[in-house]
Number of protein chains: 2
Amino acid sequence: MARTCPSRVVLHRIGARWTVFVVNALEPGPKRFVELKTHIQGITPKVLTETLRTLERDGLVLRTDHEESPPRVEYELTALGRSLLEPLRAVRLWAEAHVPEIQAANAAAVARGR
Amino acid sequence: MARTCPSRVVLHRIGARWTVFVVNALEPGPKRFVELKTHIQGITPKVLTETLRTLERDGLVLRTDHEESPPRVEYELTALGRSLLEPLRAVRLWAEAHVPEIQAANAAAVARGR
DNA sequence: TAACGCGGTATCGAAAGCATACCGTGACGG
DNA sequence: CCGTCACGGTATGCTTTCGATACCGCGTTA
């Protein structure tokens, strides 16, 4: 668990606020910028751009500019990106399964006077 | 994938920078504040406190102040917290397995002139 | 009685996130 | 030919969070 441990860096990337949502959104297949933006409700274009650029640098996402008019840019998962889907699905399923417990815990904490 | 979707909130929590490390550090059993701080190299006391308080509110971690002298406070995972270990382990293993590919992708991106 | 260890706060500057507005290009309608 | 629109972003400014460093109150111990 040293600061320099590379897996720490990787986990830091994965832990970045929006990567999980972007990768999940790309699961069914390639998507365009605007599609991603509307699918992941609440993300701003700036943050989406940054997230996609980071994922591209890390080799998880492939960006294809078709150089057409009107512009068409598609983002899709690479093999590496798809390999991340399985562990992420486990986390997402956990989250969905345990939302009630967490909300109950929060409510209890508030009731105790937070 | 609405903004209000509770699983989004939960994933946001999990995505917080240090939760993964704290939960993993608590896997073997209860730990004291200083133990956690030295084990998770690089975390500052402030951030560790905040992370632990959040995990406590969410019902993932139990804080036990033994009211002794010298002070002894122990943190341990609840059943809910332990249930998170399995999905997190999957993500950690993925990270460890794919570090070389990600580093290679980064190096390639740099070589292309970033 | 002075120094130390524990479990934290306090303070301040840096970085990341977010909302909002805007832009260049080329298609398209009239 | 001229105004408008969609796409894929960028620019700007503000708020929240992160991070580094310093410090504190208490009780124990030397």
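Remember, predicted model here, so these are calculated numbers, not experimental data. Each chain gets a letter, A, B and so on, in the order the sequences are listed, and its residues count up from 1.
Contact detail for B:Arg13 and B:Thr19: the closest heavy-atom pair is O-OG1, 3.4 Å. Closest approach of A:Leu60 to B:Trp94, counting heavy atoms only: CD2-CH2, 4.0 Å. Shortest non-hydrogen contact noted between A:Ala25 and A:His39 is CB-CD2, 3.6 Å.
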Verdict with supporting geometry, B:Val34 and B:Arg32, side chain to side chain contact (heavy atoms under 4.5 Å, CB included): CA-CA 6 Å; B:Val34 174; B:Arg32 303 172 61 170; 5.6 Å; no
Tabulate atom names and distances for all N/O pairs under 3.5 angstrom spanning the protein and nucleotides 14-16 of chain C.
none

With the criterion being N/O to N/O and under 3.5 Å, what pairs connect the protein with nucleotides 19-30 of chain C, and how long is each?
residue	atom	partner	partner atom	Å
C:dG26	O3'	A:Ser69	OG	3.1

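When side chains are defined from C-beta on, A:Val61 counts as touching A:Leu77, because their heavy atoms get closer than 4.5 Å. Contact check for A:Tyr75 versus A:Glu35: no side-chain heavy atoms found under the 4.5 Å cut-off. Here the side chains of A:Leu36 and A:Leu48 are in contact, with some heavy-atom distance below 4.5 Å.
The residue among B:Arg32 and A:Val47 whose nearest nucleotide of DNA chain C lies closer to the 5′ end is B:Arg32. Where B:Val34 and A:Trp18 each meet DNA chain C at their nearest nucleotide, the meeting point lying more 5' is that of B:Val34.
C:dC6 atom C1' lies 12 Å from atom CZ of B:Arg63, rounded to whole Å. Between B:Glu50 atom CD and C:dG8 atom C1' the separation is 12 Å, expressed in whole Å.
Counting 5' to 3', DNA chain D first comes under 4.0 angstrom of a heavy atom of chain B and last does so at the ends given by D:dC18 to D:dT28.
Taken from OG1 in A:Thr38 to CD1 in A:Ile43, the straight-line distance is 11.5 Å, to the nearest 0.5 Å.
Counting heavy atoms of neighbouring residues, nucleotides and ligands inside a 6.0 Å radius, atom CD of A:Glu86 does not exceed 12 of them.
Taking the six-membered ring where the residue is Trp, B:His12 and A:Trp18 present perpendicular rings, their angle passing 60° and hence far from 30°.
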